[in-house]
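Chain letters run A, B, ... following the sequence lines, proteins first, then strands; residues in each count from 1. The model shown is predicted, which means the values in this text are computed figures rather than measured ones.
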Amino acid sequence: MPVRPIRSSVSRRCSLHGTRPMADPVGKLSRSLGEAIGAAVDLERPGDPTHGDYATNVALQLAGRLRRPPREIAEELALAARTLAHVGAASVAGPGFVNLELADTWFTETLASVHADGDRFGGNSATTRERVQVEMVSANPTGPITVASARNGAYGDCVARLLAFAGHKVEREYYYNDAGGQMEKFRESVEAVRRGEEPPEDGYHGEYIAVLAETPGDPVPRMLESMEASLEQFRIHFDTYERQSVVETEIPEAIELLDTFEDEGALWARTSAHGDEKDRVLVRSDGVPTYFAADAAYVRRKYAKGFDRLVYVLGADHHGYVGRLQALAEMLGHPRESLEVLIYQLVHLTKGGEATKMSKRRGDVVFLDEFVEEIGVDAARWYLVSRGHDQTIEIDIDLAAEKTAKNPVFYVQYAHARIAGILRNAPEGSGSWQAASTPVGQFATEERDLVKRIVEFPAIAAEAAVRRAPHAIPTYAIRLADDFHRFYHHHKVLGSPEQEFRLALCGATKSVVARCLDLVGVEAPDSM
RNA sequence: GGCCCCGUAGCUCAGUGGAUAGAGCGGUGGACUUCGAAUCCACGCGCGGAGGUUCGAUUCCUCCCGGGGCCA
């Protein structure tokens, strides 16, 4: 089966993005090769397995700069490669590719190093550790968490998990407006129902309003409590909740620090001088501060807490905020890049193929709790993060439950459970990996493929973190599970002469599968 | 009118400069006396269009067409 070329971790990429996985066997190999020829080497897995274990096109890249024929460079590179430890063969192919075949010793030592890293394998890739705040969801407490907000949460939470795994100190924050007109409408709606009346036309009409009306007192705290419960059930935990009413009290201090001017009685921020498309009003001529003034106070407050980096997770309908938020960061004396706005495309709900407009006020939305009840947390989270954040998600509510059984999350979980089963049946004291436990005879293709897949993980995790692209994890996890299932089908672990090696291989696979599942907030079951 | 995202297989989507572009679902046909068949194996079709940069473009640039969103 042809294997898709996967970019391995490389020195060039690492230096570009400032990351370097702590133990990355492929990265180590490309670095030693790079040192041998004096240039950064990019190793990838060739699409055609007959081309060897790894290949590099570095000769082609160097040819133009060195004004030399690529194949000539490739020959020198191959010659250098052959002198390296664990390189079984190196050959030049095509216009100037160098294909490497690795010796069995590379596979055993590599697997040993994976075991040595244990839970840390693939982690701590960040060269500079930062204090990062990820602010996400931040839906106002006027109704239960919707599926739309759940995408925000699932994406943001996975980015936070990736950053934490990479070695950063991450806090998750939820921000809401407890003081605006929306909240008034919400309270009025509940009040109306208590009086036995219909909520106002422009109020909130969902069934949950009636439920809230049954208990006396301010409905807002209870609404918030139930939203938090939904999110916790969805495995999103917030470290802090911030309220706009509190932030607003600090507007004067924030304005003090900004680049401002007055025009027609209003106070403006000169955001256009800081990369925004136009200037923004801070205080209207009637003396009322704008939402942007609150944004400014909020940004100042975040930095004041000592964060090196502020991450905002916002839907595509907010893409216009990027310029003004970064302008605020800059005016407050921070690099504009230190305030990052992650934009994800929206969720489109359909029902039996027909689009449904989502409106919390009308109440015709799908709530996270309903969605989770229908398909479960694991399938829901997997579904929401497995496509790129730049991709609009379509969910057909009628088909969601039906399609759940086909969700690849179970394929990946099954690999984990299968391995757990093998390890349960393994004799006492076995599977303790030692570098010396070389297999009897040659490695099989499936074993080599599985090892190579496992060692892709550090580069995958590092790149997913740097690019804020958690969907790379599910994609990789499916391939890993795929390689494991194939290995399992072809080779017996227990009772085979290679038992010790294969148990070690199973253990490493299980650990990486579990890590992948954890990074997307999905459970890794020992049985299903 | 300006800006952002998208267009890859029948469907849902991976793939941010390399060799013959990959998965899942759906379809067809095979494999359980064996560590878990939620598994494995085999079979089909595809980069919206036109230019440009490059030794090489699904990938980068420009324009056009089509879908979604924001602002004015």
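Using a 4.5 Å heavy-atom threshold, the side chains of A:Leu517 and A:Val412 count as touching. With a 4.5 Å cut-off on side-chain heavy atoms, A:Arg284 and A:Val281 count as touching. Looking at A:Glu340 and A:Leu310, their side chains never come closer than 4.5 Å, going by heavy atoms from C-beta outward.
Going from atom CD1 of A:Ile478 over to atom C1' of B:A23 covers 7 Å, rounded to whole Å. Computed from coordinates, the A:Asn99 CG to B:G18 C1' distance equals 12 Å when rounded to whole Å. At whole-Å resolution of the value, CG in A:Leu349 and P in B:G69 are 13 Å apart. The separation between A:Lys278 atom NZ and B:G2 atom C1' is 11 Å, rounded to whole Å. As a whole-Å value, the separation of A:His51 NE2 from B:G18 P is 16 Å. Rounded to whole angstrom, the span from the CZ atom of A:Arg45 across to the C1' atom of B:G22 amounts to 13 Å. As a whole-Å value, the separation of A:Asp483 CG from B:A23 C1' is 12 Å. Between A:Leu60 atom CG and B:G56 atom P the separation is 12 Å, expressed in whole Å.
Contacts of A:Asn57 with the nucleic acid, taken as non-hydrogen atoms under 4.0 Å apart, include base atoms. Residue-level contact check: A:Lys406 touches the backbone only, with heavy atoms under 4.0 Å from sugar-phosphate atoms and none from bases. Within 4.0 Å (heavy atoms only), A:Gly388 reaches sugar-phosphate atoms of the nucleic acid but no base atom. At a threshold of 4.0 angstrom between heavy atoms, the contacts of A:His416 with the nucleic acid are absent. Contacts of A:Ser527 with the nucleic acid, taken as non-hydrogen atoms under 4.0 Å apart, include base atoms. Across all strands shown, A:His471 has heavy atoms under 4.0 Å from sugar-phosphate atoms exclusively, and none from any base. Among the heavy atoms of the strands, none lies under 4.0 Å from A:Ala63. Within 4.0 Å (heavy atoms only), A:Tyr488 reaches at least one base atom of the nucleic acid. Residue contacts for A:Ala415: at a heavy-atom cut-off of 4.0 Å it reaches no nucleic acid atom on any strand shown.
A salt bridge is absent between A:Arg309 and A:Glu337: the closest approach of a Lys/Arg side-chain nitrogen to an acidic carboxylate oxygen does not fall below 4.0 angstrom. Under the 4.0 Å criterion applied to side-chain N and carboxylate O atoms, A:Arg68 and A:Glu76 are assigned as salt-bridge partners. A salt bridge links A:Arg453 with A:Asp483: the distance from a Lys NZ or Arg NE/NH1/NH2 to an Asp or Glu carboxylate oxygen falls below 4.0 Å.
For B:A23, the OP1/OP2 oxygens have no side-chain nitrogen or oxygen of A:Arg479 closer than 4.0 Å. At B:C40, one or more side-chain N or O atoms of A:Tyr411 fall inside 4.0 Å of OP1 or OP2 (strictly under the cut-off). For A:Asn425, a side-chain nitrogen or oxygen approaches OP1 or OP2 of B:G36 to under 4.0 Å.
If you check the side chains of A:Tyr344 and A:Asn152, you find a donor sitting under 3.5 Å from an acceptor. In this model, no donor atom of one side chain and acceptor atom of the other lie less than 3.5 Å apart for A:Tyr321 and A:Asp295.
For the C1' atoms, the distance from B:C71 to B:C60 is 28 Å, rounded to whole Å. Separation of the C1' atoms belonging to B:G24 and B:A14 is 10 Å when rounded to the nearest angstrom. Using atom C1' as the reference point in both B:C63 and B:A72, the two lie 24 Å apart (nearest Å). B:C32 and B:C40 are spaced 11 Å apart, taking the C1' atom of each and rounding to whole Å. Distance check on atom C1': B:C13 versus B:G26 gives 15 Å, rounded to whole Å. B:A31 and B:A50 have their C1' atoms separated by 50 Å, with the value rounded to a whole Å. Nucleotides B:G29 and B:U12 have their P atoms positioned 26 Å apart, rounded to a whole Å. Look at the P atom in both B:U59 and B:A9: the space between them is 15 Å, to the nearest Å.
A 3.5 Å limit on both hydrogen-bonding distances identifies B:C11 as the Watson-Crick or G-U partner of B:G24. Nucleotide B:G1 has B:C71 as its partner under the Watson-Crick or G-U criteria, with both atom distances under 3.5 Å. Base pairing annotation: B:U54 forms no Watson-Crick or G-U wobble pair, as no partner gives both donor-acceptor distances under 3.5 Å. Under the Watson-Crick or G-U wobble criterion, with both distances below 3.5 Å, B:A31 is paired with B:U39. Remark: B:G66 base-pairs with B:C6; criterion is Watson-Crick or G-U wobble with both hydrogen-bond distances under 3.5 Å.
Between A:His489 and A:Ala472, the residue anchored nearer the 5' end of RNA chain B, judged by the nucleotide with its closest heavy atom, is A:Ala472.
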Problem set entry | Nucleic acid footprint by protein, nucleotides 3-8 of chain B - heavy-atom cut-off 4.0 Å, B for base, S for sugar-phosphate alone | BSSS--
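For the pair A:Phe97 and B:A19, the ring geometry qualifies as stacking, because the centroid separation is below 5.5 Å while the planes lie within an angle under 30°.
The base of B:A38 has none of its N or O atoms less than 3.5 Å from a complementary donor or acceptor on the side chain of A:Asn407.
For the pair A:Arg515 and A:Phe457, the cation-pi test (distance below 6.0 Å, angle within 45°) is failed. A:Tyr476 does not carry A:Arg479 over the face of its six-membered ring by the limits of under 6.0 Å from the centre and within 45° of the normal. A cation-pi arrangement is present between A:Arg418 and A:Tyr488 under the rule of less than 6.0 angstrom and at most 45 degrees off the ring axis.
With B:A19, B:C40, B:C13 as the choices, the nucleotide that has an atom nearest any side-chain atom of A:Arg486 turns out to be B:C40. Comparing B:C13, B:C35, B:G36 against the side chain of A:Arg424 picks out B:G36 as the nearest. Taking the side chain of A:Tyr414 as heavy atoms from C-beta on, and the options B:C13, B:G18, B:G36, the nearest nucleotide is B:G36.
Nucleotide B:C32 carries a syn base; the chi torsion (O4'-C1'-N9-C4 or O4'-C1'-N1-C2) is within 90° of 0.
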